[in-house]
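Written below as structure tokens is the structure these notes are about.
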Amino acid sequence: MGHMVELKVVRGDITRQDVDAVVNAANNRMRGGGGVDGAIHRAGGPEVLADCIRRFPDGLATGDAGWTTAGSMPARWVIHTVGPNYSAGERDRSLLTSCYRRSLEVADELGARTVAFPLISAGIYGWPKEDAIAAAVETIAAADTTVQEARLVAFDQATFELIRSAVGQAQ
Ligand code: ADP
């Protein structure tokens, strides 16, 4: 493949992004949760949970990714990935970079060309924000994928500024 992904940074709500797929920072159970997971299930409606139950009866491993419908969101698919829970002592960085790599692999399988990512593990799971940003930016930039645009979605202005400066340094 050998494509270069265009990395965009936006501030906003990931559930409202007009992209082919939105990535969810899910948990191992895959039955919904707080943070961006809760927002995605609310915005997508009950079809998202129904599809999670059907497709992930045993949940999903940390670092892995898989897809469901996006229900009533503008996106067509949700790519669920489970970041390491730093607060609970899961501090293997390769599990965090795996989330981005596996999500892009699933996007390739789906034929998704535009994908929006939240900052995985950087909320409830407590991964230090600057390193969570570095992991996201370096892994997306190095990926061999047919995805054309990866959009990193920051929920707040401070995170948006931090991501923008990290992307600026990487380019
Ligand atoms: P995790 O459990 O992996 O830490 P969280 O959902 O708690 O996941 O947080 C991941 C990131 O997503 C945080 O930076 C948080 O501020 C952000 N976030 C929460 N809700 C939304 C949303 N609706 N759109 C985009 N980002 C969001």
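Every heavy atom of this structure was used, including side-chain atoms; hydrogens, water molecules and symmetry mates were not. This one's a predicted model, so the numbers in the text were calculated from it and none came from an experiment. Ligands are counted one by one from 1 in listed order, and the atoms in each one are counted from 1 as well.
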Quiz item: Can you list the ligand 1 atoms lying under 4.0 Å from a non-hydrogen atom of D13?
Solution: 22 (C), 23 (N), 24 (N)
Practice problem: For the residue pair W67 and W77, categorise the inter-ring angle as parallel (less than 30°), tilted (30 to 60°) or perpendicular (more than 60°). | Solution: perpendicular
Quiz item: Could an N or O of ligand 1 be found under 3.5 Å from any N or O of I14, whether backbone or side chain?
Solution: yes
Self-check item: Heteroatom proximity flag, G34 to ligand 1, N/O under 3.5 Å
Solution: no
Quiz item: Within the distance-only criterion (no hydrogens, no angle test), does the side chain of T139 pair as donor or acceptor with the backbone N or O of Y100 below 3.5 angstrom?
Solution: no
Practice problem: State whether the side chain of E47 and the backbone N or O of G71 hold a donor-acceptor pair below 3.5 Å, judged by distance alone. | Solution: no
Quiz item: Relative to the heavy atoms of A39, which atoms of ligand 1 are at a distance of less than 4.0 Å?
Solution: 23 (N)
Practice problem: Measure the distance from atom 7 (O) of ligand 1 to every protein heavy atom, then report the residue, atom name and distance (to 0.1 Å) of the closest one. | Solution: I124 N, 2.7 Å
Practice problem: Check whether any side-chain N or O of D51 sits under 3.5 Å from a backbone N or O of T68 as a donor-acceptor pair, and report yes or no. | Solution: no
Exercise. Would you tell me whether N28 and T62 have side-chain atoms, one donor and one acceptor, within less than 3.5 Å of each other?
Key: yes
Quiz item: Below 4.0 angstrom, N of the basic side chain to O of the carboxylate: do D156 and R11 qualify?
Solution: no
Quiz item: For ligand 1, which atoms, with element, lie under 4.0 Å from some heavy atom of A25?
Solution: 3 (O), 8 (O)
Quiz item: Can you check whether D64's main-chain N or O pairs, donor with acceptor, with T81's side chain at less than 3.5 Å?
Solution: yes
Quiz item: For atom 19 (C) of ligand 1, which candidate among I163, L96, D37, V36 provides the closest heavy atom?
Solution: V36
Practice problem: Give a yes/no verdict on whether any heavy atom in T15 is under 4.0 Å from an atom of ligand 1. | Solution: no
Quiz item: Which option out of F155, Y125, Y86 puts a heavy atom nearest to atom 2 (O) of ligand 1?
Solution: Y125
Practice problem: Give the cluster check for V115 versus I120: same hydrophobic cluster or not, with ILVMFWY residues linked at side-chain heavy-atom distances below 4.5 Å. | Solution: yes
Quiz prompt | Heavy-atom nearest neighbour in the protein, as seen from atom 10 (C) of ligand 1, with distance rounded to 0.1 Å | solution = L119 O, 3.2 Å
Quiz item: Would you say I120 has any N or O atom under 3.5 Å from an N or O of ligand 1, going by distance alone?
Solution: no
Quiz item: Is there a heavy atom of S121 sitting under 4.0 angstrom from any atom of ligand 1?
Solution: yes
Quiz item: Is atom 15 (C) of ligand 1 less than 4.0 angstrom from some protein heavy atom?
Solution: no
Self-check item: Interatomic distance, L49 atom CG to R42 atom CZ [nearest 0.5 angstrom]
Solution: 13.5 Å
Quiz prompt | Proximal atoms of ligand 1 relative to G35 (non-hydrogen, under 4.0 Å) | solution = 6 (O)
